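These numbers come from a predicted model, not from an experiment.
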Amino acid sequence: MVESEMVVPDLETHITEDVEINDFTEPTYECDKDEGTGESMLGKVFDTPDDAYNYYNDYSFLRGFGIRKNDTIKNPATNEAYRKMYVCSKEGFKRLEKNDSVGSEKKRRRDVRTGCQAMLRITRQKDGKWMVDSFNDTHNHDLIMTPTKVMKHRSHSKFHRSIECKSLMVKLNQAGLRPCQIKKAVNAMKPTNEADVTSKQCADVLSEQRKQHRGREFCGLIKHFQNKALLDNDQYFIVDLCSDGYPRNIFWADGRSKDAYTKFGDVVVFDVTYMTNKFKFPFATFVGVNHHGQSILFGGALLENEKEETFEWLFEHFLKCMFSKYPNSIITDQDKAISNAIKKVFPNSRHRFCTWHIKKHELEHLRTYVTSYIDFQESYRKWVKSDTIEEFEATWDVIRGKYKVENTSWLSDMYTQRTHWVTVFLKDTFWAGMTTSGRSESIHAFFDGFVNSRTMLNEFVIQYDKAVESRRASEEDEDFKTMNSRPVLSSVHPIEARAGECYTRKVFDTFQKEWKEATSNLTHETLTKSADESKYRVGQLNIDKKYWRIVTFRSWNQVIVTCSCAKFETDGILCKHTLYVMKKRHVETLPNHYILPRWTLNSRYKVGNRSIGLGEMNNENGVSAFTIWCVRSNFTKLIEQARDSPSEIQKINTLLLSLLNDQAIRKQPIALQNASQVSSTVISQVDMMPQISVRDPLGPINTKGRPGVASRIKSSLEAPKKRTCSYCQRLGHYTCWVLICGLGFLYTQGGESLELNGKPIYIISMLKARVKLPR
C-alpha cells in the first residue's frame with residue numbers, strides 16, 4: 001500500500017484478559033476512539049482501489065466488523081471505473097425471491113444483513129490516484145471485539161484465497177485427499193495469525209479450479225496422454241469417436257504395463273465398475289498378478305455402454321496393444337455380453353466366471369431347494385466339489401431327479417455353463433491362484449478415495465496413474481525385501497533350499513507351508529508300483545480316505561509327478577501331496593520344470609531390459625509385434641547409453657547406415673514393383689481423413705442402473721430386491737407376528753400353521769399377546 005498525502009496512523013491496541021479460567025473469556029482488542037475517525041479517513045489518497053480496500057479491511061478488523069465490495073460506477077464514455085464503494089458486510093437486506101412468500105415451506109437461512117450504513121467511498125482523481133470522498137462509520141449492530149471471531153468474516157478470512165494456499169489445496173486434491181483431509185493438512189501448516197480453513201472453503205477452491213476445465217475435459221485427457229507419450233515411446237492410447245467428435249470408448253496402457261503383460265499375461269481378470277467419473281462412463285480394467293502375488297494393471301478403459309460390440313472393440317485393441325498375444329485364461333463376471341465378446345476375440349482363452357458371483361447367485365436361487373429338502377445343501381456341495389467329471393455328471397443326474405430340477409431353472413442353466421465355473425472342469429488350466437474378480441475389486445477400492453460421480457475425465461486419468469504407481473511401488477518394495485534377505489528354512493532338505501533360492505519371498509512362504517505339511521502331517525498307501533510309474537494315495541491319518549489324493553510318480557528321462565488336486569496345474573506351486581511323494585522317493589532337488597519363471601525374481605521389471613523370444617513369438621507369417629517392440633526398445637536403450645560419447649554415437653550411426661544400405665538392396669525389387677500402388681494408397685488415405693473437432697460428451701450416459709458411488713459391477717441378481725419375511729418368505733412384512741388367543745394351534749398372519757420339526761405347535765397355557773418369532 002502506498003499513500004501520497006499522509007502516513008497511516010498506528011492504531012494503538014490494549015489487550016485485556018480475564019484471569020478467571022471459569023469465565024472462558026478470550027482476549028479482545030480495544031481501539032482508541034481518537035484514531036481512525038471520519039475526519040482522519042476523509043481525504044486519504046491511494047494508488048489503486050486494492051490499496052484502499054486493504055486499508056479499510058485492516059481498519060474494520062480492529063473495529064470488529066467485516067467489509068465487502070459494493071458499487072462500481074463507470075464513465076459512460078470510456079467505460080472506465082471512476083468511483084468505488086466498500087460497505088460493511090451487514091449492509092442492505094437479503095433479497096427475497098419471487099416464490100419466497102411469508103407462508104412458504106421452503107427453509108431460509110438466518111438473516112445476516114441488518115441494513116448497516118457504514119461505508120467508504122473512493123473517487124478517481126485527475127492524476128489517477130483514488131481519494132476517500134465519503135466515509136460513514138456508524139453501525140446499527142454490535143461489533144465483535146474478539147480477534148478469533150472477527151477473522152471469521154469473509155473479508156478477513158483471506159488465507160484460503162491466496163495463491164499459495166490454492167495451489168497447495170489443488171496438489172493435495174490431486175494426491176487423493178478429500179476436502180475434510182485437505183483442511184487438516186492446510187491448517188497444520190498455516191500461520192498462527194490466520195483463520196482456520198474450513199472444508200467448505202476447500203471445496204469452493206477445488207470447484208473453482210475445475211471450472212477452468214469445464215467443456216475441455218476430453219481435450220485435457222488427450223493432452224495428458226500426449227504428454228506421457230513424449231516420455232514413454234511405448235504408450236498405447238486409442239479413442240473411438242463419433243462422427244461429430246464426441247467420444248465413445250477410450251483405452252490406454254503404458255510401456256511398463258505392456259512389458260508386464262509379456263511376463264504375467266497368462267491370466268487376466270477383467271472387471272467393470274461404475275460411477276467413477278462425471279459422465280458415468282463405465283470404467284474397465286485388465287488386471288493380472290505379478291511374481292509376488294500382487295495385483296498389477298495391464299490397461300484401463302472408459303466405455304460408452306456394456307453392449308457386446310463395445311466389449312469386442314475393447315478386447316480387439318487390448319490384443320493389438322499386447323502384441324496379439326492371447327491370455328491363456330481370463331476371469332470375468334457372469335455377463336452374457338462379455339462372454340460373447342470373449343468367444344469372438346479370445347477364442348483360445350479359457351474363460352472362467354467369478355466364484356464370488358456364483359456364490360451370490362446360490363444364496364438366492366437355491367433358497368427354495370434348501371427350505372424344501374433338508375439334505376439338498378449337502379448334495380449340492382458334493383456335486384460342485386466332485387473330484388472327477390464322471391462323478392460330477394452322475395451326481396447331477398441324481399440331483400435333477402431327486403429334487404425335481406426343471407430345465408428352465410437357474411440350476412439347469414448353470415449346469416449348461418458348467419465348464420466356466422465348476423472346479424473339476426478347470427483343473428487343467430493355470431489360474432495363478434485366482435478364482436474371483438477380487439483382484440480388480442481391490443484395484444477399484446483404491447479409486448474409491450480418489451474418484452466419485454463428479455470426477456472430471458482429465459482428473460480421472462491422473463488418479464489412474466497414481467493407482468498404477470502405487471502398485472508399482474509395492475512391487476519394488478517386495479523386490480527389495482526378496483533381494484535383501486534370505487529365507488529361513490524349516491529343514492535341511494535340498495528341495496526346500498532350492499525353492500528358497502528361486503522363489504520370491506511371498507511365493508516361497510506359500511511353498512513352505514505346503515512343504516511343512518508334507519514333512520509332518522501326511523502318510524500314504526501304495527496303489528501300484530513299477531519301474532517307471534507308481535501310484536500312491538496320500539492324505540492325513542485323521543481324515544477319511546475318500547478325501548485323500550492320488551499321486552502318480554514317473555521317473556523316465558525326468559521326474560514327473562502329478563496329483564489329483566491339480567494345485568501345480570492351477571496355481572503353479574507344488575502341493576503337499578506331490579512334495580511328500582518326492583521326498584519319499586528321494587528326489588534330490590526341485591526339478592526346473594516345476595519352477596515357473598513367473599514366480600521368480602528374474603521376472604522383475606528392469607529398465608531397458610527386453611528379452612526377445614524369437615522361437616516363441618515369431619511365426620511363419622513374419623516377425624511378431626512383440627519382437628519388433630523389443631528390438632526398438634533395445635535400440636532406444638543403446639542410444640541413451642551412448643549419448644555421452646560422440647565417438648560411440650558415430651560408431652552406432654556408421655553401423656546403422658551400413659544396415660540400412662543392406663536393407664535397401666534387399667527391398668529394391670519389391671519396392672520397384674509396389675511403389676506406385678503404395679504411393680497412391682497412402683495419398684488417398686490422407687486425403688480422405690476427416691477433420692473432426694473433439695468435444696466433451698453431451699452428458700451422463702445411460703448404464704445398467706448402478707449405484708451412485710464408485711463400486712464394482714453388479715450382476716442382475718445383485719440388484720436391490722424387495723425385502724421378504726424371514727420366516728414365511730412373503731412380501732408385505734419383514735417378520736411374522738403370531739396372535740395367541742388361547743388354547744390351540746399357532747397361526748401366522750398368512751393363515752399357515754406353525755410347525756416345529758414337522759409337527760404343529762400347540763398352546764398349553766392361556767395367553768393373549770403378540771409374539772415376534774425368532775429368526
(request) Check whether any side-chain heavy atom of Lys129 sits under 4.5 Å from a side-chain heavy atom of Asp47, and report yes or no. (result) yes

(request) Taking Asp232 for its side chain and Asp254 for its backbone only, find out whether a donor-acceptor pair lies under 3.5 Å. (result) no

(message) Within the structure provided, determine whether Met169 and Val186 are in side-chain contact (heavy-atom separation under 4.5 Å).
(response) yes

(request) With rounding to the nearest 0.5 Å, note down the distance linking CG in Asn136 to SG in Cys88. (result) 10.5 Å

(request) Decide yes or no for Ile250 and Ile238: does some side-chain heavy atom of the first lie under 4.5 Å from some side-chain heavy atom of the second? (result) no

(message) I'd like to check Leu120 versus Met41 (side-chain heavy atoms, cut-off strictly below 4.5 Å). Are they in contact?
(response) yes

(request) Using a 4.5 Å cut-off on heavy atoms from C-beta on, say whether the side chain of Ile144 contacts that of His153. (result) yes

(request) Answer yes or no on whether Arg68 is positioned over the face of Tyr86, meaning its NZ or CZ is under 6.0 Å from the six-membered ring centre and within 45° of the axis. (result) no

(message) Would you compute the distance between atom NZ of Lys184 and atom OG of Ser199 and round it to the nearest 0.5 angstrom?
(response) 8.5 Å

(request) List the steps, then state whether side-chain contact (heavy atoms from CB on, under 4.5 Å) holds for Met189 with Leu168. (result) CA-CA 10 Å; Met189 294 182 285; Leu168 178 60; 3.5 Å; yes

(message) For Asp133, run the salt bridge (Lys or Arg N to Asp or Glu O under 4.0 Å) check against Arg124, Lys44, Arg121 and tell me which one passes.
(response) Arg121

(message) Distance to the ring centre below 6.0 angstrom and angle to the axis at most 45 degrees; does that hold for Lys90 and Phe65?
(response) no

(request) Check whether any side-chain heavy atom of Gln125 lies under 4.5 Å from a side-chain heavy atom of Val45, and answer yes or no. (result) no

(request) Check whether any side-chain N or O of Asn57 sits under 3.5 Å from a backbone N or O of Tyr53 as a donor-acceptor pair, and report yes or no. (result) no

(message) A side-chain contact here means heavy atoms from C-beta on lying under 4.5 Å apart; do Ile67 and Ser89 qualify?
(response) no

(request) Search all heavy atoms of Met434 against all heavy atoms of Ile331 and return the closest pair with its distance. (result) O-CD1, 3.5 Å

(message) For Ala253 versus Cys321, what's the shortest heavy-atom pair and its separation?
(response) CB-SG, 3.9 Å

(request) Identify the heavy atoms of His139 and Cys116 that sit nearest to each other, and give their distance. (result) ND1-SG, 3.4 Å

(message) Do His224 and Asp465 pair up side chain to side chain, a donor and an acceptor below 3.5 Å, judged on atom types alone?
(response) yes

(request) Give the intermediate values and the outcome of side-chain contact (heavy atoms from CB on, under 4.5 Å) for residues Tyr236 and His317. (result) CA-CA 10 Å; Tyr236 187 92; His317 283 283; 3.3 Å; yes

(request) Please lay out, stage by stage, how Tyr605 and Arg256 fare under the test side-chain contact (heavy atoms from CB on, under 4.5 Å). (result) CA-CA 8 Å; Tyr605 176 74; Arg256 182 163 174 179; 3.6 Å; yes

(request) Could you grab the distance from atom CD1 of Ile122 to atom CG of Asp51, nearest 0.5 Å is fine? (result) 9.0 Å

(message) Restricting to non-hydrogen atoms, name the atom on Ala229 and the atom on Gln235 that form the minimum distance, rounded to 0.1 Å.
(response) CA-CB, 4.2 Å

(request) Return yes when atom CG of Asp142 has more than 12 non-hydrogen atoms of other residues, nucleotides or ligands closer than 6.0 Å, and no otherwise. (result) no

(request) Decide whether Thr48 and Asp50 meet the rule of one side-chain donor and one side-chain acceptor closer than 3.5 Å. (result) no

(message) Hydrogens and angles aside, do Asp477 and Ser474 bring a side-chain donor and acceptor to less than 3.5 Å of each other?
(response) no

(request) Could you check Lys481 against Glu478 for side-chain contact (heavy atoms from CB on, under 4.5 Å), going step by step and ending with a plain yes or no? (result) CA-CA 5 Å; Lys481 291 177 180 178; Glu478 281 298 324; 4.1 Å; yes

(request) Compare every heavy atom of Phe281 with every heavy atom of Leu303, then report the nearest pair and how far apart it is. (result) O-CD2, 2.9 Å

(message) If we count only N and O atoms by modelled type, under 3.5 Å, do the side chains of Thr285 and Asp271 hold a donor and an acceptor together?
(response) no

(message) Whether Lys84 and Asp71 form a salt bridge (side-chain N of Lys/Arg under 4.0 Å from carboxylate O of Asp/Glu) is what I want to check.
(response) no

(message) Quick check for you: to the nearest 0.5 Å, what is the distance between Asp335 atom CG and Phe270 atom CZ?
(response) 9.0 Å

(message) Quick check on ring pair (Phe, Tyr, Trp, His ring centres under 6.0 Å): which of Trp252, Phe311, Phe286, Phe298 does Phe318 satisfy it with?
(response) Phe286

(request) Using distance alone, with no hydrogens and no angle criterion, decide if Asp479 and His292 have a side-chain donor and acceptor under 3.5 Å apart. (result) yes

(request) Report yes if the side chains of Thr72 and Arg83 come closer than 4.5 Å at any heavy-atom pair, otherwise no. (result) no

(request) Would you kindly say whether Arg472 and Ser257 are connected by a side-chain donor-acceptor distance under 3.5 Å? (result) yes

(request) Measure centre to centre between the rings of Phe460 and Phe283, then say whether the value is under 6.0 Å. (result) yes

(message) Quick check: closest heavy atoms across Gly300 and Tyr464, and the distance to 0.1 Å?
(response) N-OH, 3.4 Å

(request) Return yes if some donor-acceptor pair links the side-chain N/O of Asn75 with the main-chain N/O of Asn79 below 3.5 Å, else return no. (result) no

(message) Using 0.5 Å steps for rounding, measure from the CZ atom of Arg248 to the CG atom of Leu302.
(response) 15.0 Å

(message) Can a side-chain donor-acceptor contact be found between Asp137 and Tyr59 if the only test is distance below 3.5 angstrom?
(response) yes

(message) How about NZ on Lys506, more than 12 heavy atoms from neighbouring residues, nucleotides or ligands closer than 6.0 Å, or not?
(response) no

(request) Could you tell me the separation between the CD atom of Gln201 and the OG1 atom of Thr198, rounded to the nearest 0.5 Å? (result) 3.5 Å

